[in-house]
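Data first, discussion second: the structure below is written as structure tokens.
In this chain, residues are counted from 1 in sequence order. Counting starts at 1 for both ligands and their atoms, in listed order.
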Amino acid sequence: NVKGRYDKGWDVFDASLEEKLRLKNYVVSNFYRALEHHDIEIWYQPEIRTMTRQVIGFEALARWRSPEHGMIPPNFFIEVLESAHLIHKLDLYIIREACEDFRRVREHGQGWQEARISVNLSRLDFQLTDIFADIERIRQEYKVDCDRLRLEITESALSEDDSNLMEQVARFQAAGYEVWMDDFGSGYSSLNTLKEYDFDMIKLDMRFLRDFGKNRKAGIIIQSLVDMAKKIGMHTLAEGVETEEQYEFLKCIGCEACQGYLFGKPQPLAPAADSYAKKDSTLTFEPLDSSEYYQQVS
Ligand code: C2E
Ligand code: MG
Ligand code: MG
Ligand code: MG
């Protein structure tokens with residue numbers, strides 16, 4: 001009996017091939033039922049302004065609690081939904097639920113009105129559907145302003161010569177959405193893609209911080225990325241901040257934002273909204289002005 005196995009941190013990647021295949025089939029054939037029964041929900045993780053430790057927003061992370069299998073690890077079901085070409089259904093469901101959550105909390109008067117939510121988009125969303133039109137429709141239905149939603153696109157999804165994606169990213173930004181690059185440094189195309197897109201924020205992959213304190217080079221690399229981002233007019237957020245030592249370092253080198261277990265783990269709406277209501281928060285960053293750097297260069 002595998003009921004609840006994943007709740008106890010049982011790692012799906014240790015599972016036998018046969019078991020993985022069974023879970024994969026389960027994900028595909030039970031996906032619509034899971035949406036209908038709200039077995040898939042959002043957990044929210046705070047994103048922090050480094051200087052002040054104020055909350056600048058929350059990342060919406062999908063959680064699937066299956067009656068048969070317990071918590072299914074997100075990385076696993078995301079990958080399966082991508083290969084089954086169902087991922088846009090999940091991502092639009094998450095955006096709809098996030099808009100619902102704005103409304104739910106408004107009704108309870110808990111001050112979530114101003115909160116910014118980052119949602120994750122898959123590269124495939126841009127191919128499988130008219131993602132701009134879909135998101136606009138949901139947003140207007142719930143009367144949520146564009147600047148309340150931040151769209152995260154993972155670096156591994158990007159390439160330098162994808163003019164279609166570039167156009168769509170620019171279209172979202174022109175409409176007032178912030179677009180953030182997720183997991184920067186995890187793929188191969190990182191540096192060149194930065195030439196082609198104007199992201200509002202670069203999220204540095206948590207692997208950069210993992211060796212901090214053990215490997216002298218790790219800190220130098222992070223500092224260089226933060227400096228480079230500033231020079232091209234983009235903000236940086238460090239993912240996976242777990243210790244005060246990492247946090248102090250990020251503060252010293254001027255990394256504007258942080259996210260990680262040190263500040264808060266992903267949690268359901270109610271506790272996330274409660275913790276938010278207690279803190280005063282500043283939600284946006286001033287646009288970076290890169291002109292002073294250009295002057296130095298020329
Ligand atoms: P991500 O977008 O890079 O999200 C950050 C992941 O790091 C989350 O894993 C979060 O729980 C974890 N994390 C945050 N702080 C720390 C920390 O201090 N230490 C450690 N060790 N981990 C930390 P999660 O929730 O398992 O999600 C995994 C990935 O699945 C996400 O990575 C994202 O790429 C994807 N994902 C999650 N929800 C969605 C969704 O609704 N749509 C799409 N397309 N992808 C999603
Ligand atoms: Mg993300
Ligand atoms: Mg990430
Ligand atoms: Mg990711």
Side-chain angles (χ1 to χ4, degrees), residues 6-7 9-13 27 31 34-35 38-48 57-65 71-99 101 116-129 131 134-135 138 149-158 178-187 190 199-212 236-247 250 257-268 272:
Y6 300 101
D7 288 334
W10 186 76
D11 189 349
V12 74
F13 299 105
V27 164
F31 175 60
L35 292 184
H38 290 267
D39 292 340
I40 299 176
E41 60 177 90
I42 304 179
W43 283 18
Y44 291 98
Q45 185 179 31
E47 295 154 333
I48 301 295
F58 290 86
E59 179 169 10
L61 294 158
R63 293 291 180 266
W64 184 338
R65 192 188 302 281
M71 284 287 205
I72 304 176
N75 280 320
F76 182 84
F77 68 76
I78 301 284
E79 203 186 305
V80 173
L81 293 175
E82 282 180 342
S83 38
H85 286 186
L86 291 168
I87 188 68
H88 59 302
K89 304 274 181 193
L90 174 75
D91 290 341
L92 291 169
Y93 170 86
I94 293 292
I95 290 169
R96 180 172 287 280
E97 284 297 299
C99 291
D101 284 347
R116 263 44 171 194
I117 305 296
S118 310
V119 295
N120 291 284
L121 294 184
S122 163
R123 172 70 188 95
L124 284 178
D125 294 342
F126 295 86
Q127 286 154 12
L128 294 169
T129 183
I131 191 75
D134 293 344
I135 294 178
I138 297 170
L149 293 174
R150 291 163 169 156
L151 309 174
E152 295 191 4
I153 306 177
T154 185
E155 181 224 276
S156 56
L158 304 170
E178 285 186 28
V179 182
W180 292 13
M181 177 192 258
D182 203 0
D183 304 326
F184 179 78
S186 64
S190 331
F199 293 104
D200 299 284
M201 179 77 81
I202 301 173
K203 296 184 91 167
L204 303 177
D205 193 80
M206 66 178 82
R207 266 170 280 191
F208 288 116
L209 271 184
R210 194 170 296 159
D211 296 324
F212 181 79
T236 44
L237 177 151
E239 300 190 274
V241 182
E242 294 182 353
T243 68
E244 288 291 343
E245 188 199 5
Q246 293 169 337
Y247 169 68
L250 294 163
C258 295
Q259 180 178 358
Y261 296 165
L262 180 64
F263 313 102
K265 291 196 169 176
Q267 51 183 347

Taking the six-membered ring for Trp, are F263 and Y247 closer than 6.0 Å centroid to centroid? yes
Under 3.5 Å, is there a donor-acceptor pair between the side chain of D183 and the main chain of D205? no
Using a strict 4.0 Å cut-off to heavy atoms of [X], name the atoms of ligand 1 that fall inside it.
X: I94; value: 41 (O)
X: G260; value: 15 (N), 18 (O)
X: E242; value: 17 (C), 18 (O), 19 (N), 20 (C), 21 (N)

Does a side-chain heavy-atom distance below 4.5 Å link V27 with L86? no
With the side chain counted from C-beta on, respond yes when L250 and L209 share a heavy-atom pair under 4.5 Å apart, and no when they do not. yes
Backbone, side chain, both or neither: what part of [X] comes under 4.0 angstrom of ligand 1, heavy atoms only?
X: T154; result: neither
X: R63; result: side chain
X: Q45; result: side chain
X: P266; result: side chain
X: N120; result: both

If you stand at the Mg ion (ligand 2) and look out to OD1 of N120 and OE2 of E59, what angle do those two lines make, to 10°? 90°
Proximity winner for atom 28 (C) of ligand 1, if only heavy atoms of I40, N75, L92 are counted: N75
Per atom 44 (N) of ligand 1, closest listed option by heavy atom (D91, L81, D125, T243): D91
Under-4.0 Å salt bridge between K203 and E47: yes
OE1 (E239) to the Mg ion (ligand 3) to OD1 (D183), nearest 10°, is 80°
Has [X] got any heavy atom lying under 4.0 angstrom from an atom of ligand 1?
X: K203; answer: no
X: K265; answer: no
X: Q259; answer: no
X: M206; answer: yes

N/O/S atom of D205 inside 2.8 Å of the Mg ion (ligand 3), strictly under: no
Is E152 close enough to the Mg ion (ligand 3) that one of its N, O or S atoms comes in under 2.8 Å? no
Say you draw a straight line from [atom1] of [X] to [atom2] of [Y]; how long is it, rounded to the nearest 0.5 Å?
X: D200; Y: L237; atom1: CG; atom2: CG; result: 13.0 Å
X: M181; Y: L204; atom1: CE; atom2: CG; result: 10.5 Å
X: T129; Y: H85; atom1: OG1; atom2: NE2; result: 13.0 Å
X: I40; Y: R63; atom1: CD1; atom2: CZ; result: 12.0 Å

May I ask you to decide if the ring planes of F31 and W64 are parallel, tilted or perpendicular, using 30° and 60° as cut-offs? tilted
Over all heavy atoms of both residues, which pair between L124 and I87 is shortest? Give the atoms and the distance, please. CB-CG2, 3.8 Å
Over all heavy atoms of both residues, which pair between R150 and G57 is shortest? Give the atoms and the distance, please. NH1-CA, 3.9 Å
Which atom, counting only N, O or S, brings D182 closest to the Mg ion (ligand 2)? OD2
Pairs of nitrogen or oxygen atoms closer than 3.5 Å, one from L61 and one from ligand 1: do any exist? no
Tell me whether D183 has any N or O atom under 3.5 angstrom from an N or O of ligand 1. yes
Q45 and side chain to side chain donor-acceptor pair (under 3.5 Å): which partner among E59, Q259, E239? Q259
